[in-house]
Number of protein chains: 2
Amino acid sequence: MKKVTINSVATYAGVSKKTVSRVLNNEPNVSPATREKVLKVFKELDYTPNPIARGLARNRSFIIGCLYDNPSKSYITRVQSGALEACHKFGYNLLIHPCELRGEALIENIEQLLQTSRLDGLVLTPPFSDSKELVAFLKKKGLPYARVASAIEEDDSISVRSNDEQGALELTEHLIKLGHKEIAFIKGHPDHSATELRFSGYKKALANHGIAFEPRLVAEGNFSYHSGADSAKTILDLNPRPTAVFASNDYMAAAVLKLATQRQLKVPEALSIAGFDNAPIARHIWPGLTTIAQPVEEMTRLAVEHLILSITESPDMVFQTVLEAKLICRESTAPLEK
Amino acid sequence: MKKVTINSVATYAGVSKKTVSRVLNNEPNVSPATREKVLKVFKELDYTPNPIARGLARNRSFIIGCLYDNPSKSYITRVQSGALEACHKFGYNLLIHPCELRGEALIENIEQLLQTSRLDGLVLTPPFSDSKELVAFLKKKGLPYARVASAIEEDDSISVRSNDEQGALELTEHLIKLGHKEIAFIKGHPDHSATELRFSGYKKALANHGIAFEPRLVAEGNFSYHSGADSAKTILDLNPRPTAVFASNDYMAAAVLKLATQRQLKVPEALSIAGFDNAPIARHIWPGLTTIAQPVEEMTRLAVEHLILSITESPDMVFQTVLEAKLICRESTAPLEK
DNA sequence: CTGAAAGCGCTTACAG
DNA sequence: CTGAAAGCGCTTACAG
């Protein structure tokens, strides 16, 4: 079983290899009859072009890289899944590259990645999508990129996000409508732009309903479960204790629930808890967490699709979209008991 | 800023490009002086070889593929992390390829993957590592592979797993020592070889302690949270109700805990619950789950390291290792109350 | 120890 | 509409 290449196909079909190449790439200037003939030989010989040879000639790798540094496994898996869907649609593959934003020499790390893999483009997820330094570097290198879930302003690029502020506002209003006025808030990681947006949604909802914002009710988390546990302790030790807690993601909310349960504080009767993201854990625990669902797969899919289009067709494509976040009510929030 | 290639380096250093290639690949037959000179030019020109050109000449892609179909996000993330560590150590990159074992045309799917990406090797995780059909296909294709966490016998390959049976035995003995005799068991997915091993460890422990095995205490799960919820219902409805439940992974154990909590069954006082895997959820819920920790990252790292070695050095390497699984006691198991 | 030639399997730029 | 030549940036096989 010999290797079948463009040459074997050309010989077999009785045409030049340039003609085979034309058929391969759907180029014009091939007579229908010739095209048919070549396509038939493709089938007969079970030919598929070698992407590496193609890559060398066209200076392409047909590989998209995905950058992330995120404590949430479920978030990462969803990002990967959306990215893969887009890649496979266009015959690309996905290479994953977790790394640390704060790690010394992020730029060096990325530089090495580019040298060893010659990616055609890069999808940035938070907190990388928020890094102006990284974006500047990629621009300088001329490497196409797309940003997911970032709110930083940068008009000449591809960016898909969901409406974090609106989601947080709706979730907070849900709590307010249940009668809560003392609503604690746990912030996310300061490197993520979503952190400020969610916080701002919370504050706007309070303001809309004439509830004074109280800094003492705000705890600084960083999206990790561990930081949620620390914040939970601070909040549950407050006197008077708030009647509801809104954590900036579900992991931190789960940590609040765990501590409340340990302390025999009934949830939701004595304390309402809400999260953000609709991570699997939100429905794997009891009571299930009220939360905001973001279309992470779709955000990433759209971002990568446009990234690939920008690589293959229009180099200076601009695409900016905001998708909707949705309130999911479960058992962890309930009317305030008097 | 012109592209710097092996040619520019050769010209600049005043040697032939073959000599540069020798230095690049650490080949012998280069005088120390020449080597020094070339290495210096590498630095001066900031040269790094183009992996795509290298790949075409050597018929290599420097990419390892990772195959999985697993409901557990945390398991996948750990697999990826171990695989990446090994890849980066040898200058390889990792391409991920989730797909379905049962999907129609698995082989076709893999065939296409190989055509579009020209992988140098493939890491198989459960349930793929247990698929004889897939292994036979890869052998036929001559594609190097390594199997992770599989117990199927196949001597001429690379395989790393942990001792599932021993782990399950220890966990069951832990429950028995706490006084439990009525211990329900939730099985995993039948396509995974770990499923039978864990089940067998459970039965051996019972036998070792003179406790009769009761089929009525066994529920059929498939490792998903959902299947755990179904099994939980079956088990908690039993009359008499068992005093302990051992689920084949933590997600299913979490489902049992959720249902028990909903039914106001105190855990661990009225019901002990144990899982397997030491997934993050095991410590994110209250009470934390007693479970078995497997070194998933290390298993995968070792497998991929040997896979790469087998690709670059010894084509018919055989490497078979069994790592240890470890009992982790948390709050979900307690002495039987009389 | 060193190098000139040919080749990996494609595409680009040009000619007809 | 079709093709011969050159090239992408490396390595292999050979000669000296």
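For the segment residues 11-19 of chain B, the set of residues with a heavy atom within less than 4.0 Å of an atom of DNA chain C comprises B:Val15, B:Ser16, B:Lys18, B:Thr19, in numerical order.
D:dT2 atom P lies 13 Å from atom CD of A:Glu27, rounded to whole Å. The separation between B:Ile52 atom CD1 and C:dC8 atom C1' is 14 Å, rounded to whole Å. In this structure, NZ of A:Lys37 is placed 14 Å from P of D:dC1, rounded to the nearest angstrom. Regarding A:Asn50, its CG atom lies at a distance of 10 Å from the P atom of C:dT11, rounded to whole Å. Here C:dT12 presents its P atom at 11 Å from CD1 of A:Ile6, a figure rounded to the nearest Å. For the pair A:Phe62 CZ and C:dG9 P, the computed distance is 17 Å after rounding to whole Å.
At D:dT11, one or more side-chain N or O atoms of B:Arg54 fall inside 4.0 Å of OP1 or OP2 (strictly under the cut-off). Applying the 4.0 Å criterion to OP1 and OP2 of D:dT11, one finds that B:Ser21 has a side-chain N or O inside that range. Contact annotation: B:Thr34 does not reach the phosphate of C:dC1 (side-chain N/O to OP1 or OP2, under 4.0 Å). When the side-chain nitrogen and oxygen atoms of A:Thr5 are compared with OP1 and OP2 of C:dC8, none of them lie within a distance under 4.0 Å.
Relative to the side chain of B:Arg58, the nucleotides D:dT11, C:dC10, C:dT2 differ in distance, and D:dT11 lies closest. Set against C:dG9, C:dC1, D:dC1, the side chain of A:Asn29 has D:dC1 as its closest nucleotide.
Across all strands shown, B:Asn59 has no heavy atoms under 4.0 Å from either base or sugar-phosphate atoms. Counting non-hydrogen atoms under 4.0 angstrom, B:Asn25 reaches the backbone sugars and phosphates but no base.
Between the OG atom in B:Ser117 and the CG atom in A:Leu94 there is a gap of 12.0 Å [rounded to 0.5 Å].
A donor-acceptor contact under 3.5 angstrom links the side-chain atoms of B:Arg22 to the base of C:dG3.
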> Starting at the 5' end of DNA chain C, what dot-bracket string do you get if Watson-Crick and G-U pairs under 3.5 Å are bracketed, crossing pairs use [ ], other-strand pairs use | and unpaired bases use dots?
Replying inline: |||.||||||||.|||
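Evaluation of the side chain to side chain contact (heavy atoms under 4.5 Å, CB included) rule for B:Ser159 yields B:Arg147, B:Gln320 as partners, not counting sequence neighbours.
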